[in-house]
Amino acid sequence: MDPECSQLLPALCAVLADPRQPMADDTCLEKLLDWFKTITEAGSSLLLLQENPCLVELLCHMLKPQDLSSRVLSFSLRLTGVFAAQEDCFQYLQQGELLPRLFGEAGPLGGAAWTAPTVRSGWIQGLRSLARHPSALHFLADCGAVDTIFSLQGDSSLFVASAAGQLLVHILGLSMQGPADGPPSLQAGDWPACAKKIVGHIEESLRSTATPQITQALNVLTTTFGHCHDPWTRVLWVRLSPLVAGLLEKDPVPAAHSLVDLLLSVARPQALRAQAFAVLLQPLACVLKATAQAPGASGVLDGTVGDFATVDTLLPSKAACVGLLCRTLAHLELLLPLPQRPCPWPQAPLLGAAVTLLQLCQGSASPTSDTGHHLCALLLGCVRVQRAALDFLGTLSQGTGPPELVTEVFAVLLEYLRSPDSSPTVLKKAFQATFRWLLSSPKTPGCWDLDPQALLFLRELLPVLQKRLCSPCWEVRDSGLEFLTQMTGRWGGQAGFRHALLASEVPKLTEQLLRDPESYVRASAVAATGQLSSQGLCISPASPEHPGGQQKSPLSELLHILSTDSEGFPRRAAMHVFTQWLRDSHADVVGDTEEFVAGVLQVASQDLDWEVRAQGLELALVFLEQTLGQPGSPCPYAVTPPVVAPACPLAQALQPLCRVRLFEFAFRALFDCDRPVAQKSCDLLLFLRAKMASSSSPQEARSSPDVASVEAALQRWQAGDQAQPLGDLEPEVVLAVLKSMDLEGLRGALAESSDHVEKSPQSLLQDMLATVGILGENEADCY
């Protein structure tokens, strides 16, 4: 700690210990704690306390009966843990009985302050910090802290409860590391005290009839097995697996989803994973059974439907039914890509269940039992289940299914896209699922076109898309445009798709939506227009829809948006499209690339949106790479394969860049008030300078043109006066200016936080003291 901070620290500790003083906010206390963590990580905590006794006095003051601020008490508990993380400092604090008085039963546990969640959280975090060494384990076993942690697992504050579970996992891991000569014994009597206590509590909880206790134990085990793979975890699993297996025998299975989480995190017991998967599938099996159209059809999820006990869990209320189904679908969606998923995977039954759920929510299912009718009444119009089922249905597109079931999938998706009752969020997910299923449709070898069934579906889909693009709800129009952009990017070059799209009104509607009153829709229309134009699917200016050729070209339309749109989103989208067009050599660009680049950069340089200016630099980089014949990374230090230098001298190769005023744009951006723009410009110029070093001729290297006027202008720009343009720059001048600039230093300055000076520890201490008037007014550094 530097002397200036040491001088300020006693006054600050006195302020923190005085309940009459106005308290610093939580942000200042967090910064103060971070500072102490940095100091202790770099040096001795014991030495820090010995050199600054005011810190120990502050901690001791927390033990006095008084009306302490809960925030200061929480801070002090956490600070104590930071110091005690080093074993010699732990023993120093232990000698004065400070630790048991702060973390034992004689501390805050018995006081009124314990009612504040922030104090309970600080107590847990303090223990989490100090639990780093054997001395801490003995302390935890002796002071009764572990029993308190057990009780905090059921705390009313979810943050406290979660932190308590995490702390138990940490203590268990620390104590079960065991001696260096091997894993702990299977005999419980040989286990460390803390481990025995925690494992015993877990065993007791797993035998409990109370679902919350079972859930807490399962969550601790899930975190343990998910984060640690040391040999002792196998010993622990051998001991606990019979109890876990016993939960699967109960009817109904308690804490089913927590149990599934645990068994999926333990990749070793294949038999138990299969049982857990059967538990997870029970709700969907019940749905299928309740809507089965033929005897025996409910048994498609083998072994998941026994005496139908889960229906009692599904049907008591809409909230219970919806919650269970949504959790089930979310679990299955996460499980699908994992290597430890059950094999064989019941793809067809799960597809059927997802389709049936969507039909129940839509009211199009035909239940054949009282249970089915009850389910239909509970789920009709339920947006939560619709969203979850559509997400899961989209994930299932990674697999295959019987043709008749795939037909049902497309039918239910079309039903949702057509339905006037589908909410905007449901429609968005229906579009997403539709695209994923179109992507997975069977392909003819060597052909990437849509298969006949998908083309038939597309012909039914496009009129629906037309209708959605005319929706009064802007979110629906936006989702439709995003779907169109995806489809065009994937199949825009395929004959079947092109024919179907051009026979529809979709391209015309997309062009009209460029003038939509909602900026998000205009931005999506710009992206869609960019894709359509790249594939030659836009309406021609001389088409029958626009006799006389009065309609603007896509390029003119998007340039108009870039120049005049009042919102940033459409202008950003236009810049992304222009950059992609340049990269892909779009037909409207290659006709006169220099005119295109010059026009776009001129407009972008005057835009008030920093993202537009930053994207202008991306376009400039693409043009630079194309001009110099070296596409690649903008990083000047990236490892790239050697390339052949341009045949012409570098100065001559830079002529096109000068004609489009690329360097004026880049130099202006270098001093941009928005740091991301300046950083991107700096990277571009460093890339160019690296190219200069590898491509300059000896004559160019020796040339020394007069750059005084340009450097003077750049100095004015850096000072904030950018009114005067640079004018026409010659390549030799550009090369000389780049050589003279300290771009590396500028990049380093840009990488620093803008408030790195004000964030110093001394400034923090001064500000905290200034809030209570300890410092004079002029000494405060209030940033």
Side-chain angles (χ1 to χ4, degrees), residues 1-86 89 93 98 102 107-108 113 116-126 128-130 159 752-783:
M1 184 182 297
D2 57 66
E4 293 81 5
C5 291
S6 291
Q7 292 174 3
L8 294 170
L9 202 54
L12 180 63
C13 289
V15 168
L16 293 175
D18 188 350
R20 298 169 299 175
Q21 295 286 4
M23 187 32 51
D25 60 28
D26 289 335
T27 302
C28 288
L29 292 175
E30 286 295 328
K31 290 179 179 178
L32 189 61
L33 190 68
D34 289 341
W35 175 52
F36 280 118
K37 287 179 181 177
T38 302
I39 294 175
T40 56
E41 287 168 1
S44 167
S45 298
L46 178 58
L47 184 61
L48 176 67
L49 295 184
Q50 290 173 338
E51 292 179 346
N52 299 275
C54 59
L55 291 171
V56 178
E57 293 171 6
L58 170 65
L59 301 181
C60 291
H61 200 78
M62 296 299 110
L63 304 173
K64 297 180 180 179
Q66 56 183 325
D67 295 328
L68 286 170
S69 161
S70 60
R71 286 182 297 165
V72 174
L73 179 54
S74 176
F75 164 80
S76 300
L77 290 166
R78 296 168 66 191
L79 183 63
T80 303
V82 170
F83 294 148
Q86 295 182 13
C89 191
L93 295 173
L98 184 61
L102 278 175
T118 184
V119 172
R120 301 196 297 275
S121 177
W123 184 88
I124 291 173
Q125 293 179 63
R128 175 65 176 82
S129 295
L130 68 81
F159 295 103
E752 282 190 328
S753 171
S754 59
D755 57 355
H756 67 281
V757 174
E758 290 81 359
K759 278 188 173 180
S760 68
Q762 182 180 350
S763 171
L764 173 64
L765 299 180
Q766 289 174 337
D767 287 347
M768 294 181 72
L769 289 171
T771 60
V772 292
I774 300 297
L775 292 179
E777 182 179 352
N778 293 331
E779 294 180 74
D781 179 18
C782 299
Y783 46 95

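Remember, it's a predicted structure, so these values are computed and weren't measured experimentally. This chain uses plain numbering: 1 for the first residue, then up along the sequence.
Counting heavy atoms from C-beta on, the side chains of R71 and L29 come closer than 4.5 Å. Using a 4.5 Å cut-off on side-chain heavy atoms (C-beta onward), L32 and L12 make contact.
If you take CD1 on I39 and OG on S44, they are separated by 12.0 Å, rounding to the nearest 0.5 Å. One finds the CG atom of L102 at 8.0 Å from the CG atom of L73 (value rounded to the nearest 0.5 Å). The CH2 atom of W35 sits 11.0 Å away from atom OG1 of T40, with the distance rounded to the nearest 0.5 Å. With rounding to the nearest 0.5 Å, the separation of CE in M1 from CG in L9 is 5.0 Å. Atom OG of residue S6 and atom CG of residue N52 lie 4.5 Å apart, to the nearest 0.5 angstrom. Separation of atoms NE2 (H61) and SG (C54) is listed at 13.5 Å; rounding is to 0.5 Å.
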Could you check E30 against K37 for salt bridge (Lys or Arg N to Asp or Glu O under 4.0 Å), going step by step and ending with a plain yes or no?
CA-CA 10 Å; E30 286 295 328; K37 287 179 181 177; over 6 Å; no
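The backbone N or O of C89 sits nowhere less than 3.5 Å from a side-chain atom of S45 that would complete a donor-acceptor pair. Remark: the backbone N or O of P117 is not paired with any side-chain donor or acceptor of S121 at under 3.5 angstrom. Q86 contributes no side-chain N or O that, together with a main-chain N or O of L46, makes up a donor-acceptor pair within less than 3.5 Å. A donor-acceptor pair is defined here as one N or O able to donate and one able to accept, closer than 3.5 Å; no such pair exists between the side chain of D18 and the backbone of A14.
For the residue pair G122 and L77, the shortest heavy atom distance occurs at O-CB, 3.7 Å. Between L93 and F83, the shortest heavy-atom distance links the atoms CD1-CB, 4.3 Å. For the residue pair L16 and V72, the shortest heavy atom distance occurs at O-CG1, 3.4 Å. Nearest approach of L130 to A84, heavy atoms of both residues: CB-CB, 3.8 Å. Taking both residues in full, the closest heavy atoms of A85 and S129 are given as CB-O, 3.3 Å, listed atom of the first, atom of the second, then distance. The two atoms that bring S76 and L59 nearest to each other are O-CD2, 3.7 Å, heavy atoms only.
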